[in-house]
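So the structure is just underneath, and the comments pick up after that.
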Amino acid sequence: MIDIIALIQDKVMEGVEHLYQEKIDRSKVALNTTRKEFEGDYTVVVFPFTKAAKKGPQQVGEDLGQFLVENVDQIKAFNVIKGFLNLVVDDAYWKQFLESVVNSEDYGQHPSNGKKIMVEFSSPNTNKPLHLGHIRNILLGWSCSRIFEAAGYDVIRTQIVNDRGIHICKSMVAWQQFGNGETPESTGLKGDHFVGKYYVAYNNEDKKQKAALEAEGKDKEETAIMKSARDLLQKWEANDEEVRKLWASMNGWVYEGFNATYDKLGVRFDKLYYESDTYLLGKDAIDKGLEKEVFYKKEDGSVWIDLEDAKLDHKLVLRSDGTSVYMTQDIGTASQRYDDYKIDEMVYVVGDEQNYHFKVLFEIMKRLEAPFANGLYHLSYGMVDLPTGRMKSREGTVVDADDLVEEVIAEAHEGTKERGDLGAFSEEEQKEIIRKIGMAALKYFIVKVNPQKRMVFDPKESVDLQGNTGPYIQYASVRINGVLQRAAKEGLDFSGAIDPSLNLETIEKDILLQIYEYPNVVLNAAKDYDPSVIASYCYNLAKNFNKFWHDHSIFNAETEAEKIFRLKMSKIIGYTLKNGMDLLGIEMPERM
RNA sequence: GGUCUCGUAGCUCAGUUGGAUAGAGCAGCUGACUUCUAAUCAGCAGGCCGCAGGUUCGAAUCCUGCCGGGAUCACCA
């Protein structure tokens, strides 16, 4: 299949050189799809050539249009409006395109590019359950990892589990003091919620003790429970057997809970890194950096890097007592990952409050001349706000991930009772379909927003099933299933050739152009680390299909040739929607 | 204060390497189910693209300044 876009660009360059004896750069050839109001498929902007031509835009358009029609078989007509050269591509080209993809169920999957990329996402602390902010992180990370796979990368999904530190010690101390030996089993609580309960208990107790200290006129920062937590942290670092045992079992409970949530969200990881294993890493790199004079040592023994020439200030990489900071650990972990997998690229999906941290980290890796330094990327995403403002754990406005999932599924259940057509399914199957619809609503709502932007999460809107939503796109796909199933049932074979004399409707051509673009859309989404590109694409394709469906009956088409053509169209639209939504982590139901 | 980032319809968001009269959805109003699923489709209404300059044949898009929101600038993670 000839790449029509590249072909037009080549011929435009050729045409300008032939007509006006001047070579132009490929980047000067702006090629857009033609706007709806005008006739044509692709539009060349001719303004950039007027200088070379020494003619007005209208004349240049006429010249170039004439040249293209004469020299490119696939272009059968043109018109020029105000400096825009609209080109009409021969229907035969689009029919041939449809034939070439109609049996490619994996349409949009690029061949391997030989590159290995690691995507880190989620990476929660282990002292409380996941919330809405994690959901954005997880969905972005998962979707990007799928997009990279579709773009031809070998992908390794990972997270760094923040399993040690003062936060988990707080939950531990509260459990010791108030737990009476309870477990998730004995209470029927999900593990992460169980541990989170003790984190809350810790904070309540700490607050109480602070108030008491303040009343006595003492330093309110030094509460007894805080001291106990710090004591636990020290014992943990000293490898105290009992403390380690408690730590392991509490983390174990949390992991069970997290895994249940990951399952519900449909994500998994290939490799887990635990902070308890990596928190001491990075010191070798600091030593080497000191030798190379990338770092410098202050009199107190602390080690720093001067990044002022990169507009980044001075940054500590090792404390005066020789212990690591977060940065040290990240330097070490990055190298560890490279050693483990020989990755070409590494993407960190982390909130935008850490933009500065990653700028510094990447700059350090460059100065240390790490072989993967140029493949590092921080996929920074904005915080999720509620219509009432920010989520604040102190004010109890944090939206819990598990509650949210339950809520959207309940809403999908209501919607299905009203509108659904699931009579033919068993209860079990119906539940599964409703789950897919609810999850589609939630996931699409989050992933359709450009990652770098802060977003407002309105729970009411997130469960909408109409308009620019996940279920809208699922509905288009379900309609397609309907026609294809009917075709199968009627024994209708539409594998034959498309009638060469068939005229394409405008909407049919629009759809073919759009599907033609899909593989490029995947590459662009990968290049920009941006799932929202795929989301808009799927929505627009579903919208076009719904219009097509409304305006043109498939089974009651006027001719057999039209019916066959439209069935082929339906099939490829179905694949493309399914493949696109899969890149967002969204599953398609059979019916709804 | 320094650095970074965002600002588009009442609300939530799109808007390709700068291209034609800035687009969707929701909310509001009007129409369309005897038909392959109306979770749909068609229409009306809604805009100083934060403000002011600049670059350009052409700016929501690039540059500068200002205004407004957010983040960050720890021997915290």
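Every chain is numbered from 1, with letters handed out A, B, ... down the list of sequences.
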Whole-Å distance between [N] [atom2] and [X] [atom1]?
X        : N     : atom1 : atom2 : answer
A:Asp385 : B:C13 : CG    : P     : 9 Å
A:Ile446 : B:U12 : CD1   : P     : 16 Å
A:Phe445 : B:C11 : CZ    : P     : 15 Å
A:Ile81  : B:A20 : CD1   : C1'   : 9 Å
A:Leu316 : B:C73 : CG    : C1'   : 14 Å
A:Leu307 : B:C73 : CG    : C1'   : 13 Å
A:Phe84  : B:G18 : CZ    : P     : 14 Å
A:Tyr356 : B:A71 : OH    : P     : 18 Å

Review point. Just wondering, do A:Phe47 and B:G58 stack (centres under 5.5 Å, planes under 30°)?
Key: no

If only side-chain N and O atoms of [X] are considered, is one of them under 4.0 Å from the OP1 or OP2 phosphate oxygen of [N]?
X        : N     : value
A:Tyr472 : B:C41 : yes
A:Arg454 : B:U12 : no
A:Arg319 : B:C76 : yes
A:Gln354 : B:U72 : no
A:Arg390 : B:A71 : yes
A:Lys453 : B:A14 : yes
A:Lys547 : B:A42 : yes
A:Tyr475 : B:A39 : yes

Assign [X] to base, sugar-phosphate, or nothing according to its heavy-atom contacts below 4.0 angstrom with the strands shown.
X        : value
A:Leu312 : nothing
A:Met455 : sugar-phosphate
A:Pro387 : nothing
A:Val478 : base
A:Gln329 : nothing
A:Asp352 : sugar-phosphate
A:Asn544 : nothing
A:Val45  : base
A:Thr416 : base
A:Val483 : base

Just by distance, do the side chain of [X] and the backbone of [Y] share a donor-acceptor pair under 3.5 Å?
X        : Y        : value
A:Ser143 : A:Leu140 : no
A:Glu432 : A:Glu429 : no
A:Thr34  : A:Tyr42  : yes
A:Asn125 : A:Asn127 : no

Check your understanding: Is there a donor N/O on one and an acceptor N/O on the other, under 3.5 Å, for the side chain of A:Asn32 and the base of B:A20?
Key -> no

**Study point:** Under 3.5 Å donor-acceptor pair, A:Ser532 side-chain atoms to B:A14 base atoms
**Key:** no

Review point. Can you name the residues that form a ring pair (Phe, Tyr, Trp, His ring centres under 6.0 Å) with A:Tyr377, not counting sequence neighbours?
Key: A:Tyr529

Review point. Does anything in residues 53-62 of chain A reach RNA chain B, meaning a heavy atom under 4.0 Å, and if so which residues?
Key: none

Check your understanding: Start at the 5' end of RNA chain B and walk down; is the nucleotide closest to A:Asp528 or to A:Asp313 reached first?
Key -> A:Asp528

Check your understanding: Which residue lies toward the 5' end of RNA chain B, A:Asp421 or A:Ser324, if each is placed at its nearest nucleotide?
Key -> A:Asp421

Study note, to complete from the structure: Contacts satisfying salt bridge (charged side-chain N to carboxylate O under 4.0 Å, His left out) that involve residues 158-167 of chain A (not counting sequence neighbours) are A:Arg164-A:Glu237, A:Arg164-A:Glu275

Please identify each residue that fulfils side chain to side chain donor-acceptor pair (under 3.5 Å) with [X], with sequence neighbours left out.
X        : answer
A:Thr126 : A:Asn251
A:Glu221 : none
A:Thr158 : none
A:Asn524 : none

Exercise for review: For B:A59 and B:G53, measure between their C1' atoms and round to the nearest Å.
Suggested key: 13 Å

Revision key, fill the gap. Those residues at least two apart in sequence (or on a different chain) that pass side-chain contact (heavy atoms from CB on, under 4.5 Å) with A:Thr559 are A:Ala561, A:Glu562

Practice item. Check salt bridge (Lys or Arg N to Asp or Glu O under 4.0 Å) between A:Asp3 and all other residues, then give those that pass, not counting sequence neighbours. Key: none

Revision key, fill the gap. Residues passing the salt bridge (Lys or Arg N to Asp or Glu O under 4.0 Å) test with A:Lys547, sequence neighbours excluded, are A:Asp551

**Study point:** Pairing pattern in dot-bracket form [Watson-Crick, G-U; both distances under 3.5 Å; | = partner strand] for RNA chain B
**Key:** (((((((..((((.....[...)))).(((((.......))))).....(((((..]....))))))))))))....

Review point. Cation over ring, A:Arg591 on A:Phe425, under 6.0 Å and within 45°?
Key: no

Check your understanding: Using a cut-off of 4.0 Å between protein heavy atoms and nucleotide atoms, how would you tag nucleotides 22-35 of chain B 5' to 3' with B, S and -?
Key -> -SSSS---------

